[in-house]
Amino acid sequence: MTLPQILSLLTLAAMMGLFLWGRFRYDVTAILALLAALAIGIVKPKDAFTGFSDDIVIIVGSALVISAAVQRSGLIESALSLIAGRVTRVRSQLVVLTASVGITSALVKNVGALAMLMPAAFQMAKKNNTSPSVFLMPMSFASLLGGLMTLVGTSPNIIVSRVREQMTGKPFGMFDYFPTGFGLLVVGMIFLRFGYRLLPRDRRAAPTMAEAIDIGAYVTEAKVASVSPAIGETVREFTARHEKEVTLTGLIRHGKRTMPRAGTALREDDVLILEGEPDVLERVIARDKLDLAGHDRDLPEASKDDDVGVSEAVIGTNSLLIGKTAQRLRLQQRYGVNLIAVSRHGKPLTRQLGETALAAGDVIVLQGPLPLLPERLRDLGALPLAQRSIRLGSSGRGWLPIVILAVAMAATAGGYVPVAVAFFAAAGLVIATGALPVREAYDHVEWPILIMLGALIPVSDSLRTTGASEIIATGLAHVAASLPPWGAVALILVAAMAVTPFLNNAATVLVMAPIAAVFAHDLGYRPEAFLIATAMGAGCDFLTPIGHQCNTLVFGPGGYRFSDYARLGAPLSLLVVLVGTPLVLWTWPLQ
C-alpha cells in the first residue's frame, strides 16, 4: 500500500470513530474530516467542494421540500385516516407505514416514496404522543428493501442491469428483481415489527417553536360551503369524523347564534365556531372545504399573494384592542389585517370572532402582508410571539403537490430525466405554484445534513482516487477464489454492504459490479447471481445515515444519533445476508 492509500483508510476510520463517539455534531465531524483530508493531501483543494454539487445533496434537499409540501396538503393524512382510525397501537401502525412505504418503493424511487409518506408518520406519532423516531428509521429501512423489488426502485438496480447488458447483451427486466426483493421485504417487515424496540425511546428532533410555545386551543369561525362534506352531518358525527380533535362551541344560522347540540344537523351557510389546535383547525377547514372567516375580505392592493401570511401575538395590558371587537375597530379597513383566530386561557369562546370582545392576555392570529404585520402589531399594542409555523389562514393547493411529485417520479421511472433533476424541478414547482411558501421551504431543509453530505463525499471518494478501493477489490477476489459458490455470493453481498457507507450506493455498484463480473467469469459461473447480490448489498445500507439518501432523509427529523443506525441495522443486515444469499441462488442458478 502507498502512503496516500493508508492515509485515506486512516482518515475514514478516524471519521467513523468521531461519528460513533458523538462528541461533535455530525456536520462538524464531516467538516473536520474534510479539513484533515485537505491537510494531508488525499483531497486536492480543487476537489474540496465538489461534494456540494453531487446529486445526493440535491436529492435530499429537494425531497425535504417536497415532503413539506405533501404534509401541508394534508392529503396523505386523509388517505390514511380510515386505517389510522382503526389501527391505534404503535406496532400495528408501524406495520401499516412500513408496508405502505415498502410497496410504494417498488413502483417509484424509494426516496420519493419515503418523502411522500413521512408526513403520515409525524401525524400518527403526534396522535400517540410518541416520538416520530419510532417510525422513521423502520420506514427508511423498509423503503430500501422495497426498492430492491423492481428495476426502478433504486439506482443500483438500474446500474447492475446495464452491466449485465454489457456482459450478456440482455439487461435485467422490470420484475427480474422481484423474487429476491419481495422475500427480503417480507422478512424485513417481520423483523421491524418487533425489532423497533432496539431504538432508544428518547430520540426526538430538536423541539420546534410550535412545541415550545404552549398556547391553549384557538377559536376560529368558518362557513359551511355548498361543496362541504359536512352538510347533513350531525354535530356528533362531525366531531367524531375528526376524531374529537376539534370542538364546535357555537353555531350561527341565519344570523342567529344557537347552541350546537349533538343531534343538530349542519346546513349550507352555517357559521361554525371551532376550537382546536392551529394545525387541526387548518386540516379540518381544508378537508371539509369550509370558508375561513376573513377569506373574502380584501387586503391592501400593494400586497402580493406570496407576501401574505399570519402572525401570532398576545394582547398587551395597554393595547387599544382591550374591550373592543374586531368589527368595532374595523381592523381590515383601518389596519389592513384580518383577525382569524383567538385563544383565551380557561374561557370558552362561543361568539363570532368579529363580535368577541378582546381582553389583555388573549393570543390572536392576524392575517395580512408579512412586511406590514410587525408595524400593525405595534400600533395595536400587541406583542408578537416567537416565529413558528402557523398554516391557518394561508392558502393551500390540495392535490397539486401530489401531482407534481407523481409526475417527477414517473419521469424518473421512464428514464426521461435523472432523479436529481426531477426532484429539483418538483421542489421548485411546489414553491412557484404556492403549494409551499418560500419561507416554509427554507425552514424545512435540514441544512446540517446537506453540509455533512457535501463535506463527506470528497473524503469518501479518496478511496477511489488513491487506489485503495482497487487494492480492497483485489484482496476480495483472492478470498472468493477459495470459497464455495454460496460463500462467494455471500462475500460479494457483504462487501457491497460494507463499502456503501463510504461510496454511496450508486458508486458502490460502479466499483463492485465489475469485480462481481470477474468473480463469475474466473469461477466459471453465470454472472446474474453475483450482480443481483451486488445490487442488493449496495441498496441495503442499514448501518449509517450517510450511505443512502433515505437514511439521511430521516436522520434530522428523527433526532437520531449516528450509532442508532447500527443498533437496528446490524441485526437486519445479518438477516439480509442469511436470507438473501439462498434467495439469490434459488432465483438465479450459477450454472
Side-chain angles (χ1 to χ4, degrees), residues 1 5-6 8-9 12-13 15-16 141 144-145 147-148 154-164 167 177 180-181 184 460-523 525-544 546-548 551 565-566 569-585 587-588 590:
M1 268 193 176
Q5 293 167 349
I6 296 173
S8 175
L9 293 172
L12 289 170
M15 180 188 71
M16 295 299 292
F141 290 174
L144 298 186
L145 293 171
L148 300 177
T154 186
S155 299
N157 289 358
I158 298 174
I159 298 173
V160 161
S161 177
R162 292 173 184 168
V163 173
R164 187 198 187 199
M167 294 184 63
Y177 301 89
T180 53
L184 288 178
S460 299
D461 195 46
S462 67
L463 278 179
R464 179 186 61 81
T465 57
T466 62
S469 59
E470 296 179 6
I471 292 179
I472 296 172
T474 302
L476 289 174
H478 288 304
V479 173
S482 61
L483 293 175
W486 63 266
V489 172
L491 179 63
I492 287 291
L493 175 57
V494 171
M497 293 175 72
V499 173
T500 295
F502 302 100
L503 295 183
N504 77 54
N505 56 358
T508 296
V509 175
L510 292 174
V511 171
M512 294 297 300
I515 298 173
V518 172
F519 281 178
H521 180 269
D522 291 348
L523 297 173
Y525 298 132
R526 295 178 57 84
E528 287 81 6
F530 294 93
L531 293 176
I532 291 288
T534 301
M536 187 184 298
C540 289
D541 173 32
F542 306 125
L543 300 179
T544 73
I546 59 178
H548 196 283
N551 289 350
Y565 284 79
L572 181 57
S573 298
L574 179 61
L575 198 60
V576 166
V577 175
L578 294 177
V579 176
T581 301
L583 272 176
V584 169
L585 291 172
T587 309
W588 300 97
L590 296 178

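Between Asp541 atom CG and Phe141 atom CZ the span is 8.0 Å, to the nearest 0.5 Å. Considering CD1 of Ile532 and OG1 of Thr587, their distance stands at 8.5 Å, rounded to 0.5 Å. Expressed to the nearest 0.5 Å, how far CG of Leu585 lies from OH of Tyr525 amounts to 10.0 Å.
Between Ser8 and Thr465, the closest side-chain pair of non-hydrogen atoms is not below 4.5 Å. Within the 4.5 Å cutoff, side-chain heavy atoms of Ser573 are placed close to those of Leu543. Side-chain contact between Thr581 and Leu493 is present, with heavy atoms from C-beta onward closer than 4.5 Å. Proximity of Trp588 to Leu531: side-chain heavy atoms (C-beta onward) are nowhere separated by under 4.5 Å. You'll find the side chain of Val160 stays beyond 4.5 Å of the side chain of Asn157, heavy atoms only. Using a 4.5 Å cut-off on side-chain heavy atoms (C-beta onward), Asn551 and Thr544 make no contact.
Here the shortest heavy-atom pairing between Pro571 and Ala566 reads CD-O, 3.9 Å. Residues Leu578 and Pro582 approach most closely at O-CD, 3.1 Å, considering heavy atoms. For the pair Ala488 and Phe530, the tightest heavy-atom approach, listed with the atom from each and the gap, is CB-CE2, 3.8 Å. Closest approach of Met536 and Thr180 over heavy atoms only: CE-CB, 3.9 Å. Closest of all the heavy-atom pairs between Cys540 and Leu148 is SG-CD1, 3.6 Å.
Considering only residues two or more places apart in sequence or on other chains, Val494 meets the side-chain contact (heavy atoms from CB on, under 4.5 Å) condition with Val577.
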